[in-house]
Amino acid sequence: MTTVEVQKAEAGNDPVKVKLAHAKPYGGVAQIDDKPVPGAMVLATVKGDAVEGTQELRTYSTITDAQGRWLTPPLTADVEQISLTMSRS
């Protein structure tokens with residue numbers, strides 16, 4: 001985790017420290033029976049902070065290309081916080 005210090009533009013304010021988590025994109029080829037699945041939706045669900053008995057979840061979706069390839073935007077590098085699902089019509 002990287003910490004960045006941000007100075008507010010207003011005089012007299014203390015800097016604010018922001019923690020940035022390491023991130024990376026995830027990707028692959030969606031396959032069924034060893035054949036690529038074009039046009040499938042891949043959902044990446046990322047666990048966030050748990051506050052007062054609730055779990056924050058963020059979901060990102062992408063569609064596979066003609067060869068079944070998919071790629072997410074940069075997400076947390078902690079793979080334990082991510083679940084992936086694929087659906088197709």
Side-chain angles (χ1 to χ4, degrees):
M1 178 128 0
T2 301
T3 301
V4 177
E5 196 168 284
V6 179
Q7 184 69 43
K8 290 184 180 179
E10 300 171 13
N13 287 327
D14 291 331
V16 176
K17 291 186 179 179
V18 179
K19 291 185 178 182
L20 303 175
H22 295 283
K24 68 178 190 174
Y26 294 86
V29 177
Q31 296 181 334
I32 295 177
D33 297 328
D34 294 326
K35 294 180 182 160
V37 182
M41 182 169 55
V42 176
L43 288 176
T45 303
V46 181
K47 293 181 191 175
D49 295 328
V51 179
E52 297 179 16
T54 62
Q55 178 73 55
E56 177 185 326
L57 299 174
R58 294 178 305 263
T59 302
Y60 303 89
S61 64
T62 187
I63 303 296
T64 60
D65 66 12
Q67 289 78 39
R69 297 178 297 205
W70 58 274
L71 185 67
T72 69
L75 304 173
T76 179
D78 182 0
V79 297
E80 296 294 321
Q81 299 300 311
I82 298 173
S83 67
L84 297 169
T85 57
M86 180 187 76
S87 63
R88 63 187 179 122
S89 51

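Note that the coordinates shown come from a computational prediction; the quantities given were computed from them, not determined experimentally.
Note that the CG atom of D78 and the NZ atom of K47 stand 9.5 Å from one another [nearest 0.5 Å]. The CZ atom of R58 sits 8.0 Å away from atom OG1 of T76, with the distance rounded to the nearest 0.5 Å.
In this structure, A23 and P74 approach most closely via the heavy-atom pair CB-CB, 4.0 Å. Nearest approach of P38 to T64, heavy atoms of both residues: C-OG1, 3.3 Å. Residues R88 and I32 approach most closely at NE-CD1, 3.2 Å, considering heavy atoms. Residues W70 and T62 share a closest heavy-atom pair of CB-CG2, 3.9 Å. The minimum heavy-atom distance between Q67 and P36, with the atom names listed, is O-CB, 3.1 Å.
The side chain to side chain contact (heavy atoms under 4.5 Å, CB included) with Y26 is formed by just one residue from the set L75, V42, L71; it is L75.
Following chains of ILVMFWY side-chain contacts shorter than 4.5 Å, one cannot reach L84 starting from M41, and the two form parts of different hydrophobic clusters.
Crowding of E80 atom CD: a count of heavy atoms from other residues, nucleotides or ligands under 6.0 Å not exceeding 12.
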